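Take a look at the structure set out below.
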Amino acid sequence: MKKLLIYPTTRALRNKRDEFAGTQGFVPSLMSMGKFEQRAILLPDRVKVDSLKRILFLRDAASFDDFSQLKFDRDIIKFFTRSDSIFRFFEELTAEGISFEQLSRADAYAEFAQHLQILKRLFDNYHNILQAKALSDKAFIPLYYKINEGFISNYDQIEIYLEGYLSRFEIAILQEISKKTKLIIHYTTSRFNTKMQERFKEIGIELGNNLHTTFNLSDQKVLSSTQNSDTIDAKVYSVNERTEQIALAFTQIEEMTKSGIAPQDIVLILPDESFKEQFMLFDTHHNLNYAMGYDYRNEPKYKSLEAIYRYWQSFDLSQIEKLQRYGISPQELQRYDGQKSITIKDFFLFVDDMGLLDDRDEIQVAKDEFERVFSDNIITLKEWLFIWLKKLDKISIDDVRGGKITVMGVLETRGVAFDGVVIVDFNEGIVPASSAKDQFLNSQVRAFAGLPTRSDRESLQKQYYKRLLEQSKKSVIIYSTSDNKLPSKFLYELGLPDASEVVIQTNILYDQPSQITPPKDPVIDDFDAKAITWSASRLKTYLECKRKYYYRYIQKIPAKDDNEINEGAFLHRLLELLHQDRDSYSSSEEIEKEISILMDGLLGEDSSIKMRYQKMLWSDKLKGYAKAQAQHFKSGWRVIEKEREFISKIDGLNFKGRIDRIDQNGSKALVIDYKSGSTKDAQKSKNLDTLTEFQMSIYAHLLGDRYQNINFAFLKILEDGEIEEIKLLDEKNEQLHKVLDNLKTTKSFIATKSESLQPCRYCEYALMCGRGGYG
Ligand code: SF4
C-alpha cells in the first residue's frame, strides 16, 4: 500500500525521516503540511503573483476616490508598509468562505458599512487586474483551484498528523481528497482547540474533548480515541530583570544535561523571538542553535543601506553621523539623487557602487527575483531602496554554528517533542502573543460572521505550549517581573504551581574572558619632530598621552563634534571683538553694554529659552571681568595686539601659535592669555619635570627679544577678570628646552595610554581607547 504521511512543519518531518532512516522494510512517503497543500491543488492557466509585485497591483486597484476614507496613504512607501493587513483580510475572507454580504449582515450596527463597501471595491478591482494578467493570489485560490488528481492518485492512504487550525477552505480540500483516497487525521483535542472541533462538527465528525483521536475523513468514522493522560510537571521561576532569565535558562539547561537528557533533546522556547539577540550575545560557547536563523537586518550591509534611506528621509545631522559611522561619506552619496526615477538595474548598480551588495546566495537569489519581477517598473531611487530593505527584512541566514540545543519560536514546535523544555518570557501579553488588532472588524462582527476571533487564535497558541510541555520529561518556565510585568494567566489555566524566586547566578554571563582581544599599542617608528609644526596644545598632548597624540595627529581622527556651543571658544571670540576697534574702555558699564551687543550678534536670532538663559548667564558672569578691566585701563594699560598669530623656531623646531592679547603701559608689556577654566596645571610650581603646559614659555621665547619689560599672565575671564601672572617662568623655560631636546632625539615611540587617568577625564577619544563609557 502506498502511504503518504503529513506533518505540520518541516522540522517535524525531518525528525520523522531520521526515525524511519533506521528502520527496515516499507517506508512511507513523508511531506510537510505546507508542501502537501501546494501539491494537492492546481491553478489551471494561472501563475501565482509575486509577493512584492502584488503590492503595486493592489495600489493600482486602490486608485479610486473613496479609498482615501480608509485612511490608507497611497504613497508607495506607506502603502508598502500597510498593505499586509489588506491582503491578510482578503485571504482570510476567502479561506473561510465568507462574502462581503455576509460580513455586512454580521455588522448589525452598520459600524463598518462604508469601509466594507470600499474594501469590496478594492477586492474586485484587484481581482480584475490579476485576471487580466492571468495571475492569481492566495485570496483567489478558492475560486480557481482544482484538485491535483494525478498527485493524489499516487497514494492509497494519506495520514495527516494535524496540529493547529484548518480554514474552511482547507477542510473542503481535504474532504474532496478524502473522496478520492483514504484520508486519516490524527488529532489531540483539548479545551484550547474547540474552534477546530466545531469545524469538524460542521462536517459531521464529533470529537470528544481531551483525547488523542484518529478519524477517517473518507467515511467520517472515528477510528480510535484514547484519553490524553499526559501531565505537565513544570518548575516555574520568576526573576526580576528580563536578562536574568538568560542566566537562569543556561543553568537549567545545564541541570537537564546533568540529569541525563541529551543536549539535542532540549529546546529553548523564545515566545518573543527578538530575545534571541541577547541570548546570542551571552552564548559564548555556541551551545545554542537558532532554528529561526539570524536576521539579515542585523548585518552591517543592511544597516548601511538603512542609514542611507534614513539620511534621504531627513538629511539631519544625526543621520549624517550615522552614515559616517557605517563608513559612508555623505559627499560621495551626494553623487546620487534619491528622488531620481530609475530602473531596477540602475538601482542595483547604485547598491553595488556603494559596496553594499552582499554576495551571499540568499541575497543574490532575492536580487535576481527582484530584477525579474520589477523589470519594467520605474520609481525613484529612494523608493527602490525602501522596497529592497523590505525584501531584506524577511531574509534570515541559517545558523550553521552547530550548537546542540535548539532555540525555537512556539509555532515551530508543532509536531515535535523534546525531553527538556525551557520557556522564557512567560508573561502576560507574550504568552500567548496577543495577535495584531484587526484593522477592519471588531471581535463581535468576526464572531457573528463565523471568522476566528482573537481569543480563538490565542487559544491555539496555548494548545502548542500545552502539547510541548505535556510531551516533555522536564520543563522549566521562567518569567520576569521588571516594569511591573505580570506572569501569563495561562500559568493558572495550566494549573501550575506558584513561581519560586531564585537568586540568579549572573556570574555565568560575565565571568568569562572578554571576547575582545586588546589591540597592541601602535608603534610610530618614523617620528621626526623637526618635520612637524608644533603648537602649545600639540606639545601638551604629546607629553600627556602618546595614544591621544596618535589618534589626533597621526591618525587624524577628528574629535566628536557635540554641537554644543564651546564656552571657551565663544568667550575668546567675544573678547577679540570687544577690542577690534577699541584699545580700552572708560567704564565697566561701557564694557558690559558692548558685551551685550556683541553677544546678540554672535548668538544670532535664536530666542529659545536655553539661549536666553545662556546670554543672561554669561552677561552676569562677565560683570566682574568688566569691572576689573575698567580698572586695568584706568591705570594706563592699552590693548596693542589681539589674536596675534606667529610662526617661529625654538631650538630648531617649528612652532606656531596665536597670542590672545598684548597690552602696553608705557615701557611695560603684558602678554595675556584668556582662561575660562582652571590655571592650576599651567601654574604648578612642583615637579616641573612633569609639566605639560608650555604655552607661556613658548610665547616668552618668541616675544622676549621684542619687548624690554615684558610679563606674562592669565586673564581669568569668569573669575572676576583676575590677572594672574605666570609663576616660575624661568624654570619653566628651562624645562621647555629639556623637553625639546628630548623631542629632537626621538625617532620612534609607542603610543601607550597615559599612566595617569587625569587626562582621560575630558578626552574625546576615551571611548575609542577603552577608557570611557557611554554617557
Ligand atoms: S582616554 Fe586617556 S589614555 Fe586614552 S587617549 Fe585619551 S588621554 Fe589617552
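The chain is numbered in sequence order, starting from 1. In each ligand, atom 1 is the first atom listed, and ligand 1 is the first ligand listed. Please read these numbers as outputs of a predicted model, since none were measured by experiment.
- Taking backbone and side chain together, C763 holds no N, O or S atom under 2.8 Å from atom 2 (Fe) of ligand 1.
- Of the listed residues (D521, T752, T541), just one forms a side-chain hydrogen bond (donor to acceptor under 3.5 Å, both in side chains) with R547, and that residue is D521.
- Between R310 and E306 there is a salt bridge, since at least one side-chain N of the basic residue sits less than 4.0 Å from a carboxylate O of the acidic one.
- For ligand 1, the atoms sitting less than 4.0 Å from at least one non-hydrogen atom of C769 are 1 (S), 3 (S), 4 (Fe), 5 (S), numbered in the order shown with element in parentheses.
- Scored by the side chain to side chain contact (heavy atoms under 4.5 Å, CB included) test, A626 finds S588, I591, E592 as partners (sequence neighbours excluded).
- Relative to the six-membered ring of F714, K716 misses at least one condition, a distance below 6.0 Å or an angle of at most 45° to the axis.
- The heavy atom nearest to atom 7 (S) of ligand 1, considering only G770, C545, A751, is found in C545.
- Residue contact check: S754 has heavy atoms under 4.0 Å from atoms 3 (S) of ligand 1.
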